[in-house]
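Taking it in order: structure first as structure tokens, then the write-up.
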Number of protein chains: 2
Amino acid sequence: MEPLSSREKILEVAEARFAQRGYAGVGLRELASQAGLGKSSLFHHFPSKATLYLAVLDRVLLRLEERLRVAWASPGDVATRLDQSIDALVDGLAEQPTTARLLLRALFEDDALPAENTPEARSVDARIALLVGSLEGLIREGTEAGAFRAVSAAHTLQTLIGATVYYFASGAFGEGVMGEPLFSAEAVRQRKAEVKNLIRFGLHRPTQPPLEEDQR
Amino acid sequence: MEPLSSREKILEVAEARFAQRGYAGVGLRELASQAGLGKSSLFHHFPSKATLYLAVLDRVLLRLEERLRVAWASPGDVATRLDQSIDALVDGLAEQPTTARLLLRALFEDDALPAENTPEARSVDARIALLVGSLEGLIREGTEAGAFRAVSAAHTLQTLIGATVYYFASGAFGEGVMGEPLFSAEAVRQRKAEVKNLIRFGLHRPTQPPLEEDQR
DNA sequence: GTCTATACTACGATAGAC
DNA sequence: GTCTATCGTAGTATAGAC
């Protein structure tokens, strides 16, 4: 295993710090020292705090994108591809606890960033648009084909984001609610099953048998 | 209409600023001047930034609590009381756009607050525990009575929080997804219907007729 | 109850030596 | 590519006059 380059080390530390404290809550001194550098050396790799932040976001979105591309390329029917997208999304968010927090925080920190219309910001926006558009298209395809109820694709997508991104971003509060760690392999497996079943069958008593994973 | 006292004015401005920028992103200079005061005068009303923040949170949670108490006192069956709780929660979150953002941000900013174990922090924790516990109890009651599928109450509660708190906190991103403002009376009405129907029936084609509001 | 003045620390960012 | 030194600003908080 090669040691990380300075740039990679900075990105790694910055991802952890931004996820935990948010953009405004992170100081570059602290960040630099955790990366084993002086503060000024940061500016050799990234011209500003905002650029560094966007680079972190971009990397995280790319990781998710790669996982979801596999699900979208699946030959199955719409319901199957939606299930596989949920699996991929949950796996991607569960891979690193920083991911969901970073993404959820990013939704709030748009106006705090002094970096609109930079190339970095446009790359991040494009990745988000791709993810959102693909998932929404999948839901819409299902309703138009008659496989799903006549739900609003946008509303359903938002609920799905809440059920996944919010869930894995919920931190100590979420662990308190769940009564166990959010990121254990078993907990992640169960989250996938619960979300897929709720999406399929809703809360009320089933008229079809639930998925096998939900048997308890 | 009486003019606001300084304390009330500060709370109002602070709620807006903390919702928009987060705890670390708000400066007390800026906050004070928006409230029409000098920076130092803040400290006459609140001994520290953390105390002010917790006072804001407490007020927001109290508003929600009052709405939900009505739903919990309803004489209906479990499914009805859950529907009414969702209505009350959505109405409470939609009443002021700051509410959902503040609550969602609060989940992340626990460790950034230098104010654990103060009376203010304990009050906030108690209010959250009441809200969470009551909603979870309602779901559990439904599964035990056989009205709901054998879902995990904790998982379902988290999904419900995502579908409501995250939704109304999603800001510009959410409006982009929805293609319209989140807080218009019509949009709020539709969100209630979509969430209740998804909770009831799931996404797949209904074997029972959907609620009347979902007819499109 | 609000003000001015001030203390001390940290912030993001830059200049320039090595 | 990393460092020290420095700039100007803003951060929370306190003291004390009015």
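Just so it is clear: chains get the letters A, B, ... in the order the sequence lines come, proteins before strands, and each one is counted from 1.
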Practice prompt. Any chance you could measure B/Arg101, atom CZ, to B/Ser170, atom OG, to the nearest 0.5 Å?
Written response: 8.0 Å
[X]: which residues meet the salt bridge (Lys or Arg N to Asp or Glu O under 4.0 Å) condition with it, sequence neighbours left out?
{"X": "A/Glu141", "answer": "A/Arg81"}
{"X": "A/Glu95", "answer": "A/Arg67"}
{"X": "A/Glu175", "answer": "none"}
{"X": "A/Asp125", "answer": "none"}

Practice prompt. Using the side-chain hydrogen bond (donor to acceptor under 3.5 Å, both in side chains) rule, collect all pairs that involve residues 31-50 of chain A, keeping only residues at least two apart or in two chains.
Written response: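 Output for this query lists A/Ser48-A/Thr51.
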Response to the item:
Contacts satisfying side-chain hydrogen bond (donor to acceptor under 3.5 Å, both in side chains) that involve residues 18-30 of chain B (not counting sequence neighbours) are A/Asp111-B/Gln20, B/Arg17-B/Gln20, B/Arg17-B/Glu30
Whole angstrom is fine here: how far is it from [atom1] in [X] over to [atom2] in [N]?
{"X": "B/Tyr53", "N": "D/dA13", "atom1": "OH", "atom2": "C1'", "value": "20 Å"}
{"X": "B/Arg21", "N": "D/dA10", "atom1": "CZ", "atom2": "C1'", "value": "14 Å"}
{"X": "A/Leu42", "N": "D/dG1", "atom1": "CG", "atom2": "P", "value": "14 Å"}

Discussion item. It should be established whether A/His44 places a side-chain nitrogen or oxygen under 4.0 Å from OP1 or OP2 of nucleotide D/dT2.
Written reply: no
Worksheet entry | A/Arg63: side-chain hydrogen bond (donor to acceptor under 3.5 Å, both in side chains) partners, not counting sequence neighbours |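 If we apply the side-chain hydrogen bond (donor to acceptor under 3.5 Å, both in side chains) test to A/Arg63, skipping adjacent residues, the hits are A/Glu15, A/Thr99.
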Item to complete: Name all residues meeting the ring pair (Phe, Tyr, Trp, His ring centres under 6.0 Å) criterion together with A/His155; count only those two or more places apart in sequence or in a different chain, and write none if there are none.
Response: B/Tyr167
Discussion item. So, using ring pair (Phe, Tyr, Trp, His ring centres under 6.0 Å) as the criterion, who are the partners of B/Phe168 when residues are at least two apart?
Written reply: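 Checked B/Phe168 against ring pair (Phe, Tyr, Trp, His ring centres under 6.0 Å); matches are B/Phe183.
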Worksheet, complete the sentence: To the nearest 10 degrees, the angle between the two end axes of the helix from C/dG1-D/dC18 to C/dC18-D/dG1 (five pairs per end) comes to 0°
Fill in: Under 4.0 Å protein heavy-atom contacts per nucleotide of nucleotides 5-18 of chain C, with B for base, S for backbone only and - for none
B-----BBBBB---
Practice prompt. Go through residues 5-16 of chain B and report each residue with a non-hydrogen atom lying under 4.0 Å from DNA chain D, sorted by number.
Written response: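 The stretch gives none, as no residue of it lies under 4.0 Å from the strand.
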